Amino acid sequence: MGFLKEFSMQFQHPRGFWGEVAGHILALTTGSRNDWTLSKLNIHPNDHVLEIGYGPGIGIYKCAKNIHSGKVIGIDISSTMKEQASRRNRPFIESGIVELKVDTVESLEIPTNYFDKIYSVNSVMFWEKQGFSV
Ligand SMILES: C[S@@+](CC[C@H](N)C(=O)[O-])C[C@H]1O[C@@H](n2cnc3c(N)ncnc32)[C@H](O)[C@@H]1O
């Protein structure tokens with residue numbers, strides 16, 4: 001497999017050094033798509049929100065800025081992205097607004113009546129490859 005093909009797979013499951021690089025590319029390029037998605041959700045300060053596949057944590061950061069008494073929880077399959085997104089969202093994590101987990105959508109158990117809003121950006125096409133249907 002050529003380098004470019006191999007590197008492109010980092011966007012599905014970022015790992016290690018090249019995963020970290022892929023995360024930085026995502027952080028530079030996906031802001032407007034995250035903005036658009038969040039604009040449709042009408043986030044309220046007391047909302048409990050779940051993002052699936054948070055990657056570098058740009059969407060988490062933009063969402064958390066609107067939350068005061070609520071919570072933003074993120075799950076992502078990649079521990080490399082958890083580290084990068086945690087650096088980006090450290091103040092929100094320390095204040096208890098954001099919680100980031102390593103988990104897969106396939107094994108996710110969503111508690112009844114907890115989340116007001118659930119969203120995902122640039123990730124669903126990877127779930128389908130792993131047999132998850134939406
Ligand atoms: C292309 S990135 C998008 C990241 C971010 N949402 C953004 O727009 O910048 C896709 C993300 O989905 C995550 N992902 C892929 N398959 C997943 C799965 N089955 N469960 C949870 N996360 C997954 C990847 O680890 C990666 O961080």
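Computed from a predicted model, the values in this text were never measured in an experiment. Counting starts at 1 for both ligands and their atoms, in listed order.
Of the polar atoms of I52, none of the N or O atoms is found under 3.5 Å from an N or O of ligand 1, judged by distance alone. Taking distance alone, with nitrogen or oxygen atoms compared against 3.5 Å, W127 stays at or beyond that limit from ligand 1. For a threshold of 3.5 Å applied to N or O pairs, the pair formed by T104 and ligand 1 contains no separation below that value. Not one N or O of M81 is nearer than 3.5 Å to an N or O of ligand 1, by distance alone. Between H13 and ligand 1, no pair of N/O atoms sits closer than 3.5 Å. Taking only nitrogen or oxygen atoms, main chain and side chain alike, P14 does not reach within less than 3.5 Å of ligand 1.
When non-hydrogen atoms are compared, ligand 1 lies under 4.0 Å from the backbone of Q12 (N, CA, C, O) but not from its side chain. Neither the backbone nor the side chain of A27 comes within 4.0 Å of ligand 1, counting heavy atoms alone. Counting heavy atoms under 4.0 Å from ligand 1, residue V121 touches it through both backbone and side chain. For N34, every heavy-atom contact with ligand 1 shorter than 4.0 Å involves the side chain, none the backbone.
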Legend entry - Criterion side-chain contact (heavy atoms from CB on, under 4.5 Å) on F126 and I77, from CA distance to verdict: CA-CA 11 Å; F126 301 130; I77 199 171; over 6 Å; no
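Counting all heavy atoms, side chain and backbone alike, A64 lies closest to V98 at CB-CG2, 3.6 Å. Between N46 and S69, the closest heavy-atom pair is CB-OG, 3.3 Å.
Under the salt bridge (Lys or Arg N to Asp or Glu O under 4.0 Å) criterion, the residue pairs touching residues 33-49 are D35-K62, D47-K117, with sequence neighbours excluded.
For Y61, the OH atom sits in a loose shell: 12 or fewer heavy atoms of surrounding residues, nucleotides or ligands are nearer than 6.0 Å.
A chain of hydrophobic side-chain contacts below 4.5 Å, direct or via other Ile, Leu, Val, Met, Phe, Trp or Tyr residues, connects V124 to I52.
Contact of the V49 side chain with the F115 side chain is not registered, since no non-hydrogen atoms from C-beta on lie closer than 4.5 Å.
Against a heavy-atom cut-off of under 4.0 Å, Y54 is close to the following atoms of ligand 1: 5 (C).
Classified by interplanar angle (parallel below 30°, tilted 30° to 60°, perpendicular above 60°), the ring pair F7/F11 is perpendicular.
Ligand 1 lies out of reach of G59, whose nearest heavy atom is not under 4.0 Å from it. Residue-ligand proximity: R33 is placed with every non-hydrogen atom at 4.0 Å or more from ligand 1. Using a non-hydrogen distance threshold of 4.0 Å, L108 does not register as a contact of ligand 1.
For the residue pair S123 / W127, a side-chain donor-acceptor distance below 3.5 Å is found, with atom types taken as modelled.
When E51, Q84, M81, H13 are each tested for a side chain to side chain contact (heavy atoms under 4.5 Å, CB included) with D76, only one passes: M81.
Proximity annotation for atom 27 (O) of ligand 1: of D76, I77, T29, D76 comes nearest, heavy atoms only.
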